[in-house]
Amino acid sequence: MEYDFKKIESKWQARWAKEKPFKPEENSSKPKYYVLDMFPYPSGAGLHVGHPLGYIASDIYSRYKRLKGFNVLHPMGYDAFGLPAEQYAIQTGQHPEKTTTDNINRYRQQMDRIGFSYDWDREIRTCDPGYYKWTQWAFLKMFSSYYDNKADKAMPVENLIAAFEKGGSAAVDAAHSDHKPFTAEEWKAFSEKEKSRMLMNYRIAYQGESTVNWCPALGTVLANDEVKDGLSERGGFPVEQKKMTQWQLRVSAYAGRLLDGLDNLDWTDSLKEMQRNWIGRSYGTEVVFNCINGKEEIPVTIFTTRVDTIFGVTFMVLAPESELVEKLTSDQQKAAVDEYLAQCKKKTERERISETKSVTGVFSGSYAINPLTNEKVPVWISEYVLAGYGTGAIMAVPAHDSRDYAFAKKFNLPIIPLIEGCDVSEQSFDAKEGIMCNSGFLNGKTVKEAIEFAKDYVEEKGLGKRKVNYRLRDAIFSRQRYWGEPFPIYYKDGIATPVPEDKLPLTLPEIDQYKPTETGEPPLARAKDWTFDGYPLETSTMPGFAGSSAYYLRYMDPHNDKALVDADVDKYWQNVDLYIGGTEHATGHLIYSRFWNKFLFDLGYSCAQEPFKKLVNQGMIQGRSNFVYRVVGTNKFVSLGLRDQYETQEIHVDINLVRNDRLDIEAFRNWRPEFKDVEFILENGEYICGWAVEKMSKSMFNVVNPDNICDTYGADTLRLYEMFLGPVEQSKPWDTKGIDGVNRFLKKFWKLFFDGENFSVSDEAPSAAELKVLHKLIGKEQSDIESFSYNTTISAFMIAVNDLIALKCNKKAILEPMVVLLCPFAPHISEELWEMLGHTEGITYATFPEYVEAYTVENNATYAVSFNGKTRFTVELPKSMGKDEVEAHVRGLEQTAKYVDGKSIVKVIVVPGKIVNIVIK
RNA sequence: GCCUUGGUGGUGAAAUGGUAGACACGAGGGACUUAAAAUCCCUUGGGCAGCAAUGUCCGUACCGGUUCGAGUCCGGUCCGAGGCACCA
């Protein structure tokens, strides 16, 4: 009987939809396992063949874990709020909800064809009010919390207020934005509005003014990770820096925990490293320099990681945006400084980046006193110092910092070397090595000693103190857009007030147009009666990462309307055991999610410190484009191999007209009218196309749609092939060449169960050779799946099937476990064969076959290895190996060694010492 | 510039320090067939010797080291990919 994948696949997909065998058990005594895919943004283009790569990998793992006896949670949903749907809405006037729903339906249809084992009853959409109720809820929790540095966790704002009443701002050690200190009395005397403004400086979700990435073309602010090279990630529009009051999340309060938490995660080193760099912890010192502007004395705190170089300070630099600029600008220099500031302000972020190498700056007119040497150095202003990092002011040591060096050279400032023998005539000496000189009490010490010594010294003398700084900034949390979660905040007499929890969700209002208003307000300002309790509601909405930050928790308990997740349910599922998705979320979603989870953990709503235990990054699938070569100025196309003889023009050709790089000439002529009458210069009667690996995109005619593959080869073949292409983590081009190989394998496997047209398996007991084939495969699959080496598992499967064909094996005792082994990879064909083998219950409820090593071990002889007259260890070696050969292998071994016979390898530990003699038992 | 990766046939790729190139594609040859498709069998890293079975040497980007033994470990160089980039 033919392997009719179409019939088989539609039959089982219908069955799974009806019987829902992938629902996790409630109140299960089984161990849990939570496998999660990064949910997709449903774009209008639909899925291409690259999207399912990670989904297939996670599906294989989920099915495998189920067979291994785990209670598996494997859900799917949609990250449905976002810019593209809204941009489309602005152009067409169509409600983003409509396009989003259409796209979701298409995604669902495409995913269903691949046979994923999701529990679709748990589907979530971030744009669904029942879901975003909990996004808003979490925001309110952040609004009413502050970060207590002593307890190192989030606490209710009420505690803060109580502390302020007792001892003013000094009574609390909490993460906060800059503000003037106040006493308890002052606090009590504050008006409601003043109090509320002050509390904003402490809330974890807070409103604050800061320099933001403003994208005029999109009409919204963007987070740092949404900007690449000064352009918006979506759309590629220029982004400029602008001071604005925005909702923000105090992610920076969690920087230390976010960094330290990485150590215990099973993520790749490169990804952890990316997060470490993004968080950017540096241990340094804050030192106060007294500055003099005319007669006025102003203390300025700087941050440095190299206090040991303080004797080499020859000038100081302030960021142009620093508040100190005004205070430290002398009357004479005011005009020059103002001009410089105006220049800086005009630049877009992109210009700033592209002009990275040009050095600019202006002298402020003031001088700073070096607290160690009492020397007077000039204070400069330059945009190479960032306002947002450290204190926005630095001490410049041109001899040992390349940026200070460039600045000193440009403006002819002195350079004092501090390390014996270092040459600073051409460039600065940044390395932390050598012996200190010109440095007072540090002279003669190595740089490493000096770094620590100087820190201690500065602290002891009260000149400064140690400080840990992070690069991680607070996340800008508002977007001036329509298609996002509304903030549950209204403005009562100008005071930001939370909408009560029991009034959530605050649903998105209908509006007639999705553009900003004529006065530049966000689209929500167009809504009629966008008020609460008679007061105006916030008109910006939340960014994309809001809805994706805690979705993994919601999957545990998606229909609960009392809580984000029930405490007991959360206790059972804990967190995600395996998370699969792309690296592009390294510094966005994966940071925000960890932050969000830690916050919920602090409040007791999530019971795990980290959301994602193990993370696997699937590679991207690139397109493989094909080219034809037109002989310039003619109507002729020349085949790849003969192209050098002509002057040619390379033209992308639709890959659907090409098979194994051979052009279907007739199809090409019919492709477009202008190719109707073209002629071909062939080689060996065929037209060979050129090829290149490029991004999969419509314009390059190289998009492969999974639906087409399912039509011609079936979902099982697609699944196997995507995994057979290479390691999951690796990026690779899609190349339909080779798909025949896995398709052939499935057909061969199918045929093992048939004698001509009839299903026929034998009940005979299996032979040793047959058992060996089976158990080798079980062993291989078990160890390979755990390390995501799916491609080698499939290879092992192909070998096993070839072996069984050679053995003419049709025994049930071998074939039945093989079906179970194949199920994670090719579930449809496996279910069908399982049913034919007489099982009424689906293969989902089967058990992974047990590996028996005895069946796979070669028949070896045991040798005893002795030296110094004593037998020290025994070695198993194949019988075919003679005594001399064994001796040659063993002689000289001092460590762990392995012995090889044709196939099996035996491991022995060799006791150190010289081998004198080999005794064969 | 810094960090993280990777470099193996015509192609995708395998190899806990132990026969490098499994498995698959492609290519070449053959069987079946009137023919094609499908299926099956053989060859397929390179050089040299041989009618042949086979033998033999060289080969995992380059140079060096550790080891009885290195694609794998260590040091250096070159090239590619990804991330960060005035973060003091």
Side-chain angles (χ1 to χ4, degrees), chain A residues 2 228-229 268-282 284-285 302-307 309 317 319 352-353 355-359 382-397 400-404 406-407 430 469-473 583-584 586-587 617 619-620 624 660-662 691 720-721 724-727 729-745 747-748 751 783-784 787 789 791-802 805 888-903 905-907 915:
Chain A
E2 278 294 300
K228 291 261 139 68
D229 299 324
T268 59
D269 289 338
S270 64
L271 200 90
K272 286 201 231 181
E273 212 44 44
M274 265 191 237
Q275 289 214 345
R276 285 198 188 103
N277 291 339
W278 190 261
I279 297 167
R281 174 155 59 196
S282 49
T285 314
I302 59 97
F303 175 77
T304 177
T305 53
R306 296 288 304 275
V307 229
T309 61
V317 189
R352 249 181 114 142
I353 287 168
E355 287 168 20
T356 283
K357 292 209 170 73
S358 71
V359 180
S382 171
E383 51 183 351
Y384 88 88
V385 174
L386 304 176
Y389 184 75
T391 59
I394 62 155
M395 63 178 212
V397 186
H400 302 289
D401 182 287
S402 54
R403 297 152 302 183
D404 297 345
F407 195 83
D430 292 10
N469 256 338
Y470 293 94
R471 214 180 70 103
L472 185 72
R473 310 288 167 80
T583 17
E584 65 271 23
T587 51
N617 293 116
M620 278 204 303
R624 189 179 187 279
N660 292 338
D661 290 339
R662 268 109 182 118
W691 60 274
L720 276 170
Y721 187 56
F724 191 63
L725 269 173
E729 299 90 338
Q730 201 170 300
S731 284
K732 55 226 151 185
W734 176 266
D735 181 356
T736 315
K737 259 205 270 183
I739 196 163
D740 289 313
V742 285
N743 189 241
R744 224 166 268 161
F745 155 73
K747 285 188 203 160
K748 282 194 212 167
K751 259 172 115 173
S783 60
D784 281 1
S787 58
S789 306
N791 54 336
T792 54
T793 315
I794 295 168
S795 292
F797 236 109
M798 291 175 173
I799 297 169
V801 166
N802 286 339
I805 291 170
H889 270 263
V890 177
R891 186 173 298 281
L893 291 175
E894 288 193 340
Q895 296 170 9
T896 308
K898 287 154 201 185
Y899 299 86
V900 183
D901 97 89
K903 285 180 181 115
I905 294 169
V906 181
K907 191 171 183 172
I915 290 152

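Per chain, numbering begins at 1; letters A, B, ... match sequence-line order. A quick note: this is a predicted structure, and the numbers were derived from the prediction, not measured.
- Within 4.0 Å (heavy atoms only), A:T268 reaches no atom of the nucleic acid at all.
- Note: CD (A:E273) to P (B:G82) measures 19 Å, nearest angstrom.
- Regarding A:L720, its CG atom lies at a distance of 15 Å from the C1' atom of B:C25, rounded to whole Å.
- Checking the phosphate oxygens (OP1, OP2) of B:A85, a side-chain nitrogen or oxygen of A:R471 falls inside 4.0 Å.
- Counting to the nearest Å, the P atom of B:U5 and the NZ atom of A:K272 are 12 Å from each other.
- At a threshold of 4.0 angstrom between heavy atoms, the contacts of A:R473 include nucleobase atoms, whether or not backbone atoms are also involved.
- Comparing A:M274 and A:S282 by the nucleotide of RNA chain B whose heavy atom lies nearest to each, the residue mapping closer to the 5' end is A:M274.
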Test log, rule side-chain contact (heavy atoms from CB on, under 4.5 Å), inputs A:V359 and A:Y384: CA-CA 8 Å; A:V359 180; A:Y384 88 88; 5.5 Å; no

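- Rounded to whole Å, the distance from CZ on A:F797 to C1' on B:C23 is 14 Å.
- Across all strands shown, A:I799 has heavy atoms under 4.0 Å from sugar-phosphate atoms exclusively, and none from any base.
- Minimum atom distance to the side chain of A:T304 is reached by B:A88, of the listed B:U4, B:C40, B:A88.
- Across all strands shown, B:C40 pairs with B:G30; the Watson-Crick or G-U wobble distances both stay below 3.5 Å.
- One atom, CG of A:L271, and another, P of B:G82, lie 16 Å apart when rounded to the nearest Å.
- Between A:K747 and A:T391, the one whose closest nucleotide on RNA chain B sits nearer the 5' end is A:K747.
- Between B:C62 and B:U67, the two P atoms lie 23 Å apart (nearest whole Å).
- For the pair A:D430 CG and B:C2 C1', the computed distance is 12 Å after rounding to whole Å.
- Counting non-hydrogen atoms under 4.0 angstrom, A:N802 reaches the backbone sugars and phosphates but no base.
- Pairing for B:C68 goes to B:G18, judged as Watson-Crick or G-U wobble with the two contacts each under 3.5 Å.
- For A:Y384, no side-chain nitrogen or oxygen approaches OP1 or OP2 of B:A88 to under 4.0 Å.
- Taking atom CZ on A:R281 and atom P on B:A88, their separation rounds to 13 Å, with Å as the unit.
- Note on A:R276: nothing from the nucleic acid sits closer than 4.0 angstrom, heavy atoms only.
- Nucleotide B:G9 carries a syn base; the chi torsion (O4'-C1'-N9-C4 or O4'-C1'-N1-C2) is within 90° of 0.
- Considering only side-chain atoms of A:M798, the nucleotide from B:A88, B:U39, B:C23 that sits closest is B:C23.
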Using a cut-off of under 3.5 Å, enumerate the N/O to N/O pairs linking the protein to nucleotides 11-15 of chain B.
unit_1 : atom_1 : unit_2 : atom_2 : d
B:G12  : O2'    : A:L725 : O      : 2.4
B:A13  : OP1    : A:Q730 : NE2    : 2.4
B:A13  : O3'    : A:N791 : ND2    : 3.3
B:A14  : OP1    : A:N791 : ND2    : 3.2

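- Nucleotide B:C84 is matched to B:G1 when pairs are restricted to Watson-Crick or G-U wobble geometry with both distances under 3.5 angstrom.
- If you take CD of A:E584 and P of B:G83, they are 10 Å apart, rounded to a whole angstrom.
- Residues A:Y721 and A:W734 bring their aromatic ring centres within 6.0 Å.
- Using the Watson-Crick or G-U wobble rule with both distances under 3.5 Å, B:G55 pairs with B:C48.
- Checking B:G12 for Watson-Crick or G-U wobble geometry (two distances, each under 3.5 Å) identifies B:C23 as its partner.
- Taking only side-chain atoms of A:D269, from C-beta outward, the nucleotide of B:U39, B:U4, B:A88 with the closest atom is B:U4.
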